[in-house]
Amino acid sequence: MTTHVTESELETLLHGALRATGTGESWATESDESWCRVAPPSWTGPAQGWKLHVSATAASAPAVLEKALEVLLRDGAAFKFARSLEQVSALNTRATPRGSSGKFITVYPASDADAARLAQDLHTATRGLAGPRILSDRPYAPNSLVHYRYGAFAARRRLSDEGLMVWYIEDPDGNPVEDKRTGSYAPPSWAVSPFPESVPVAPPRAETERRPVVLGGRFSVREAIRHTNKGGVYRGTDLTTGAPVVIKETRPHVEADASGSDVRDWLRTEARTLEKLKGTGLAPEPLAMFEHGGHLFLAQEEVPGIPLRNWVAEHFRDAGATRYHADALAQAARLVDLVEAAHARGCVLRDFTPANVMVRPDGALRLIDLELAVLEDDAALPSRVGTPGFSAPERLVDAPVSPTGDYYSLGATLCFVLTGKVPNLLQEEPATRPAQERLGAWLGACAGPAGLPDGLRAMILGLMRDEPAERWDPARARDALRESGPPATTPAASARTGGTRAATPTDAGDATAAADAAENEAVVAGIVQHLVDSMTPEDDRRLWPVSTKAGETDACTVQQGAAGVLAVLTRYFELTGDPRLPELISTAGRWIADRTDTRSTRPGLHFGGRGTAWALYDAGRAVDDRALVDHALALALAPQESTPSHDITHGSAGSGLAAVHLWHRTGDPRFAERVVELADRLAAAARRERSGASWPVPAEAVVEEAGKRYLGFAHGTSGIGCFLLEAAAVSKSPDHRELALAAGEHLVTHAVMVDGAAQWPAQETDVPTAPYWCHGSAGIGSFLVRLWRATGDERFGALARAGTRAVVERASRAAVTQCHGLAGNGDYLLDMAEATGDPAYRAMAEDLARLIRSERTHRGSHVVFPNEYGDVSTSWSDGSAGILGFLLRIRHTEPRHWMVQQPV
């Protein structure tokens with residue numbers, strides 16, 4: 001009989017089993033927040049091989065673990081398991097990455113023979129228990145909980161060519177091969193399986209493409225819209241009518257709860273809701289529900305158009321800010337009507353978001369993905385599932401079903417349509433500011449850039465009130481929309497006049513400026529306190545905590561490592577003389593120095609060693625640490641690993657920019673030689689055309705990117721052109737200067753003007769992208785304004801000024817970070833203020849700073865910010881360091897980080 005366990009005590013079953021065998025003291029166990037690891041005495045297993053995974057649901061996990069322990073402890077195998085039911089549930093959610101889902105127990109067999117034997121024994125022991133299919137593995141047998149794949153046992157990682165840490169295994173010749181964890185079974189060609197061929201292998205893709213898949217005997221699958229852990233969504237054709245359809249798939253045991261309910265029950269709920277709304281025009285028409293291969297499917301009418309989430313981004317991009325804001329008001333009225341109509345038919349939506357509304361070509365709206373909706377006569381499924389930012393707070397804590405939850409979601413969706421974003425407000429500790437107050441501060445900060453009148457701000461806040469009983473209903477929201485006229489200050493006008501505040505000083509303006517300055521100082525102090533307190537020099541892997549949602553880089557680099565944070569703290573110390581920092585800077589510098597090899601270094605400024613050398617040199621100079629200075633110079637002059645990359649972040653241009661900086665700081669002729677060498681390399685690699693010069697991505701750099709010609713600062717023409725312009729000042733070579741001009745010509749050719757705002761595509765064949773440092777207007781404008789100052793060519797200056805329009809118009813839509821957000825955009829505006837002497841650009845930058853500060857979160861004496869993924873990070877690219885760098889420039893008018901400042 002299975003022992004009763006609480007949500008956090010799964011590992012108590014292990015200790016009970018060890019006591020029962022009398023061998024507890026001879027086993028090594030280790031636990032962290034998620035996993036309990038178990039190994040027999042003196043276990044030294046292989047570094048890689050065939051490993052086993054056993055799946056389970058939160059309801060079946062105790063029984064699965066007890067059965068598996070009987071096998072594993074008897075056999076003496078090493079293994080790990082999720083140590084709590086909460087962690088088991090997290091492995092089985094609809095949002096779990098497909099390469100990680102379902103892996104409750106992982107077993108590390110000592111040999112192929114052991115793997116085959118353990119798989120058989122575990123399959124027999126757990127037969128009949130519930131658990132999901134593990135998508136990255138192959139099942140041992142049909143309906144088995146036991147799965148296998150070939151992969152790494154030990155935590156072996158290396159840097160990929162893109163500068164990201166990846167797991168790896170070795171081929172028979174000892175060459176590293178990435179150990180990819182994806183949603184499909186794909187063993188290396190040289191790994192011979194020791195398991196019986198008991199589950200049919202899927203045919204090659206080319207073969208399946210020749211034979212259309214027909215589901216339910218009626219629906220031909222044309223293409224996949226998306227694949228998630230819960231199943232796929234497909235476009236297809238109803239063979240009985242020829243009509244286009246959408247087919248939704250749900251897998252057994254995903255999001256399973258203690259009662260055994262899972263996403264298949266959600267799909268049944270959606271089918272009932274569609275039947276209820278049939279013929280109303282509010283939602284797709286249902287066609288059929290059926291099972292296929294153990295999965296449940298629902299076929300429904302395909303609604304032509306695009307999701308509202310896409311409409312908001314694409315219509316703003318294509319129509320321009322002025323037209324968009326007029327159209328957005330009309331769209332907001334339709335959304336209010338849509339929610340009210342659903343409620344009138346007894347349907348509470350519970351997941352009303354921009355992703356779950358389709359915009360038809362005629363502008364009409366349709367509800368989609370109604371799997372969480374509740375009908376008046378239907379029992380409610382668990383309420384803790386929702387969409388962060390759009391679901392009412394009480395929805396995520398099992399509150400009773402109520403239309404007021406949809407009012408909150410309507411408010412968040414209207415906020416998204418009218419401003420382009422719902423702020424990601426992290427939880428404060430202690431929670432001294434109500435969520436409504438914090439949302440109000442953000443709406444106030446974005447009112448000017450978003451062209452949001454007071455009445456619409458009041459409507460959003462009314463719908464999203466913290467107390468459900470106080471929320472506005474759709475009728476009141478409709479009245480507010482009718483009463484709201486066009487914006488008093490459009491974003492375009494704001495860009496022309498320098499922001500939302502009057503340019504002429506007044507007493508009120510002086511008070512606002514003083515309040516802004518005081519708030520900025522407090523936020524800067526809170527960020528610095530967080531960086532000081534979160535440094536962990538005793539940690540061998542990371543000096544400061546960072547987010548790895550977008551991948552993990554080398555721990556010492558600028559992009560996501562210690563060098564980026566060190567550089568900003570060094571600047572702060574130089575500005576303030578903060579007595580806490582000299583020792584901290586030296587400690588951080590030594591931590592980095594101990595982990596950087598001066599015999600050879602990777603190229604690039606943000607992902608490579610040259611940026612790290614830049615940060616170490618400036619830090620050593622600031623605190624008079626000669627050892628750091630010497631290590632930085634040795635690292636900067638170390639042989640560079642061979643690279644085909646041309647760009648700033650990973651390649652020759654980034655290495656060259658660091659060499660220019662150190663040449664100006666040291667006068668060492670070896671740096672001038674490096675500058676010339678790298679500029680000549682880029683000249684040889686340039687593709688020259690009548691439109692200018694560009695640098696296609698070589699196939700040797702990133703195979704999937706081969707031939708693409710990026711335009712942005714991080715990976716393309718503008719960053720390379722910026723280095724060449726600086727290189728010309730060092731080399732005095734007219735060829736280098738001419739090539740920088742040719743890069744500028746290429747950017748002029750590919751500029752896209754929308755309502756007076758200059759935008760650019762990420763690469764030549766794309767549509768315009770968001771105006772950020774990485775790929776868009778902020779980075780490209782940062783080069784063009786320097787090219788304008790160097791040449792006096794007004795075409796470059798005009799495009800740089802028009803680029804600020806794109807930045808200001810999109811301010812309310814942006815994240816707060818450097819690479820893809822407001823901090824990098826603000827640095828560009830400050831560059832414009834310095835280059836032109838026009839105070840309007842500084843006013844725009846101060847508006848962006850106000851927006852950034854409105855998204856701050858207090859954690860005691862610390863101030864932190866969300867990155868694009870909702871994580872807290874300290875890094876330069878997506879965290880506090882990059883934000884701090886910009887906010888310091890707001891106060892102190894300092895040079896921009898990672899841009900060359902020639903001596904006066």
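Every value quoted in this text rests on a predicted model; they were computed, and no experiment measured them.
- Looking at Leu274 and Pro284, their side chains come closer than 4.5 Å, going by heavy atoms from C-beta outward.
- With sequence neighbours left out, Ala95 forms a side-chain contact (heavy atoms from CB on, under 4.5 Å) with Thr93.
- Of all heavy-atom pairs between Val64 and Ala56, the closest is CG2-CB, 3.9 Å.
- Leu456 places a side-chain heavy atom less than 4.5 Å from the side chain of Leu329.
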Checklist entry - Stepwise, does the salt bridge (charged side-chain N to carboxylate O under 4.0 Å, His left out) test hold for Arg395 with Asp351? => result CA-CA 10 Å; Arg395 274 272 294 106; Asp351 197 26; 5.5 Å; no

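- Listed by first and then second residue, the side-chain hydrogen bond (donor to acceptor under 3.5 Å, both in side chains) pairs involving residues 359-368 amount to none (not counting sequence neighbours).
- Of the inter-residue distances, the one linking Asp755 atom CG with Asp318 atom CG reads 12.5 Å to the nearest 0.5 angstrom.
- Among the candidates Arg264, Arg268, Arg94, the single residue satisfying the salt bridge (Lys or Arg N to Asp or Glu O under 4.0 Å) test with Glu371 is Arg94.
- No donor-acceptor distance shorter than 3.5 angstrom exists from the side chain of Ser391 to the backbone of Gly386, with no hydrogens or angles considered.
- When all heavy atoms of Lys103 and His53 are compared, the closest pair comes out as CD-NE2, 3.6 Å.
- Ring geometry for Trp50 against Tyr185 counts as tilted: the plane angle lies between 30° and 60°, on a 0 to 90° scale.
- Classification of the His123-Tyr140 ring pair by plane angle, with boundaries at 30° and 60°, yields tilted.
- Under the ring pair (Phe, Tyr, Trp, His ring centres under 6.0 Å) criterion, Phe104 pairs with no residue, sequence neighbours left out.
- Partners of Trp311 under the ring pair (Phe, Tyr, Trp, His ring centres under 6.0 Å) rule, at least two apart in sequence or in another chain, are His315, Tyr324.
- Heavy atoms only, all atoms of each residue included: Thr96 and Ala90 are closest at OG1-O, 2.7 Å.
- Under the salt bridge (Lys or Arg N to Asp or Glu O under 4.0 Å) criterion, Arg810 pairs with no residue at all, not counting sequence neighbours.
- In terms of heavy-atom proximity, Ala130 sits nearest to Leu145 at C-CD2, 3.8 Å.
- Atoms CG and OG, from Leu452 and Ser484 in turn, are 8.5 Å apart once rounded to the nearest 0.5 Å.
- Checked for salt-bridge contact, Glu340 and Arg334 miss the test: no charged N lies under 4.0 Å from a carboxylate O.
- Within the 4.5 Å cutoff, no side-chain heavy atoms of Arg127 are placed close to those of Ser144.
- With salt bridges taken as basic N to acidic carboxylate O contacts below 4.0 Å, none links Arg181 and Asp137.
- Between Met464 and Ile460, some side-chain heavy-atom pair lies under the 4.5 Å cut-off.
- Rounding to the nearest 0.5 Å places SG of Cys415 at 6.0 Å from CG of Leu439.
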Item to check | Derivation of the side-chain hydrogen bond (donor to acceptor under 3.5 Å, both in side chains) call for Thr269 and Arg272 | outcome: CA-CA 5 Å; Thr269 296; Arg272 288 194 295 273; 3.2 Å; yes

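- Arg482 and Asp479 are joined by a salt bridge, as a carboxylate oxygen and a charged side-chain nitrogen come within less than 4.0 angstrom of each other.
- In this structure, Arg149 and Arg138 have side chains that are not in contact, with every pair of non-hydrogen atoms separated by 4.5 Å or more.
- The heavy-atom pair separating Gly216 from His292 by the smallest distance is N-ND1, 4.4 Å.
- Between the His325 side chain and the Arg323 main chain, no donor and acceptor come within less than 3.5 Å of each other.
- Every residue meeting the side-chain contact (heavy atoms from CB on, under 4.5 Å) condition with Thr228, not counting sequence neighbours, appears here in chain and number order: Arg226, Lys230.
- With rounding to the nearest 0.5 Å, the separation of NE2 in His820 from CD in Glu868 is 5.5 Å.
- Ring centroids of Tyr710 and His775 are separated by less than 6.0 Å, placing the two rings close together.
- When side chains are defined from C-beta on, Leu418 counts as touching Met459, because their heavy atoms get closer than 4.5 Å.
- Side-chain contact between Leu277 and Leu370 is present, with at least one heavy-atom pair separated by less than 4.5 Å.
- Evaluation of the side-chain contact (heavy atoms from CB on, under 4.5 Å) rule for Asp766 yields Pro761, Ala762, Gln763 as partners, not counting sequence neighbours.
- Within the structure, every pair that satisfies the side-chain hydrogen bond (donor to acceptor under 3.5 Å, both in side chains) test and touches residues 245-255, not counting sequence neighbours, is listed here: Asn229-Arg251, Tyr234-Glu249, Lys248-Glu270, Lys248-Asp369, Glu249-His295.
- With values rounded to the nearest 0.5 angstrom, Ile225 atom CD1 is found 10.5 Å from His227 atom NE2.
- The CG atom of Asn424 sits 8.5 Å away from the CG atom of Asn867 when rounded to the nearest 0.5 Å.
- The backbone N or O of Ser261 sits less than 3.5 Å from a side-chain atom of Asp257, completing a donor-acceptor pair.
- Side-chain atoms of Thr237 do not come within 3.5 Å of backbone N or O of Leu239 as any donor-acceptor pair.
- The side-chain contact (heavy atoms from CB on, under 4.5 Å) check on Ala550 picks up Tyr869, with sequence neighbours excluded.
- Listed by chain and residue number, Glu855 satisfy the salt bridge (Lys or Arg N to Asp or Glu O under 4.0 Å) test with Lys421 (two or more places apart in sequence, or in another chain).
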Could you pull out every donor-acceptor pair under 3.5 Å between side chains of residues 401-413 and any protein atom, sequence neighbours left out?
unit_1 : atom_1 : unit_2 : atom_2 : d
Ser402 : OG     : Thr404 : N      : 3.2
Ser402 : OG     : Thr404 : OG1    : 2.9
Asp406 : OD1    : Arg350 : N      : 2.9
Asp406 : OD2    : His343 : NE2    : 2.7
Asp406 : OD2    : Leu349 : N      : 2.7
Ser409 : OG     : Phe390 : O      : 2.7
Ser409 : OG     : Gly405 : O      : 3.3
Thr413 : OG1    : Ser409 : O      : 2.9

Side-chain donor/acceptor pairs under 3.5 Å, residues 298-305, sequence neighbours excluded:
unit_1 : atom_1 : unit_2 : atom_2 : d
Glu301 : OE1    : Glu285 : N      : 2.9
Glu302 : OE2    : Arg235 : NE     : 3.3

